[in-house]
Amino acid sequence: MRKEKALLFELGRPGRRGASLPPVDVPEKPLEELLPPEMQRETPLDLPELSEGEVMRHFTELSHRNFGVDSGFYPLGSCTMKYNPKINEEVAAFPGFTHLHPYQDDATVQGALELFYLAEQGLKEVTGMDRISFQPAAGAHGELTGLMVILAYHRSRGEKRKKVLVPDSAHGTNPATITMAGCKAVEIPSDERGLVDLEALKQNVDEDTAGLMLTNPNTLGLFEEDIDQIARVVHDVGGLLYYDGANLNAVMGYARPGDMGFDVVHLNLHKTFSTPHGGGGPGSGSVGVKEKLIPFLPYPVLGKDGEGNYYWNHDLPQSIGKIHSFYGNFTVAVKAYTYLRMMGAPGLKQVSRDAVLNANYLMNRLKDYYYLKYQRTCKHEFVISARQIKKNYGVGTADVAKALLDYGFHPPTVYFPLIVEEPLMVEPTETESKETLDDFAEAMKKIVSLAQKDPEQVTSAPHNTVVGRLDELTAARYPRARWIPEE
Ligand SMILES: Cc1ncc(COP(=O)(O)O)c(C=O)c1O
């Protein structure tokens, strides 16, 4: 039985108070003296009046209705939260960091600049790039920055290239970024392996190609085995290679975008490097570039003079300009640096090893119940399909996702990538135990059994959550984000 939650507006009763203050013991000024009459409200605000306890209970109960990585398994493929050690939050909250002001003179913030510098060294080593900019605030923002850098490079050579190739297995933000940067997205199909179709790539690449945006491993969780050839084909026509490294946890310590031939990479520090992901930030889609692209990075870039002093260098005449206020989200860099130091090189390698092991274990547990289109060893994630149970019992991807809520699991990413019918994209991450993965596999298996016996039970799920099936389309298109009192 679902319990409707009353709003604070409905709970309030006139005269209730959350705090009692001593009576004023100084002369009160008349309101007119404090605020001119034309600025005063005519009718009083209809605010709810409640006791402290009521307010506390209301918000505490609401917070318990939230689902997060701290409350349960969250296998949201590609966009999942990875490991967010709480100690890193504590470090980022050190007053020495949080009390800084971006207008302070460089000489007074040497420690913070050194941290940026050291974090950059670490990320350079992990990616094989020559410089990193921490300015972009999110993955998609990093993509736009990277693509603008690529276009600025072509412009500096007197070329106006407009075409950007993007595989159909790319993350959805990639084609969106290409369009936003004013370029034409040309889709490259995947072959029967789920990898870039080399022949199709060769047919589409030409002198108008500004570059290729590649998510590697792609959104099927598959590593592009032909990456050397792909890089050569694009470079041969003067195009550049962009690496969507949002999910670097698949390859850290094993393969580097810089060594694969990529010219630009973005990382989602708010996924792989320990900042919590979601809810609108703050994040960091840091961008790494090869030597020849450094002049085009957003300004300022960090410099270090002969005496070891750090400074912000604004003198970059070819820069694409600023893409974020000041220097990006500094505390995200603090967390990334803390994480890099805590893990060390062997630790990062272990992260990738465990992420890949967990994904392959779960994929193998699930493939007897769900269709697996590409039967290959995956990296950090994999995509299964509900197409058989859809065909046989009318239970599709959305129904499986909703039913999982009744078992206490956050659903995987649904209906993506588009090249798999009824897809469920699962990313278990490196930190989950075998028991958790087994519990999830059992729940997925039970949903298939339920679909066979009583499909209606699945298509009407969830049954045990605070709210049932929502009208997601209306909620997305016409969100009502404020309370409107009933007449
Ligand atoms: C592969 C990939 N690229 C890009 C993005 C976009 O990142 P953001 O959501 O920070 O814009 C994501 C999302 O997490 C992603 O998984």
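Remember, it's 1-based here, ligands and their atoms both numbered in the order they're listed.
In this pair, His410 and Phe67 present their aromatic rings tilted. The plane angle is within the 30 to 60° band. Ring geometry for Tyr310 versus Tyr117: interplanar angle of 30 to 60°, hence tilted. By the 30° and 60° cut-offs, the orientation of the rings of His266 relative to Tyr242 is tilted.
For Arg232, the side-chain hydrogen bond (donor to acceptor under 3.5 Å, both in side chains) test picks out no residue, with sequence neighbours left out.
For ligand 1, the 4.0 Å heavy-atom shell contains residues Ser78, Cys79, Ala138, Gly139, Ala140, Glu143, His171, Thr173, Thr215, Asp244, Ala246, Asn247, Asn268, His270, Lys271, His277.
For the pair Lys349 and Tyr254, the cation sits on the ring face: its NZ or CZ lies under 6.0 Å from the ring centre, inside 45° of the axis.
Judged by distance alone, the side chain of Ser319 and the main-chain N or O of Tyr299 form a donor-acceptor pair under 3.5 Å.
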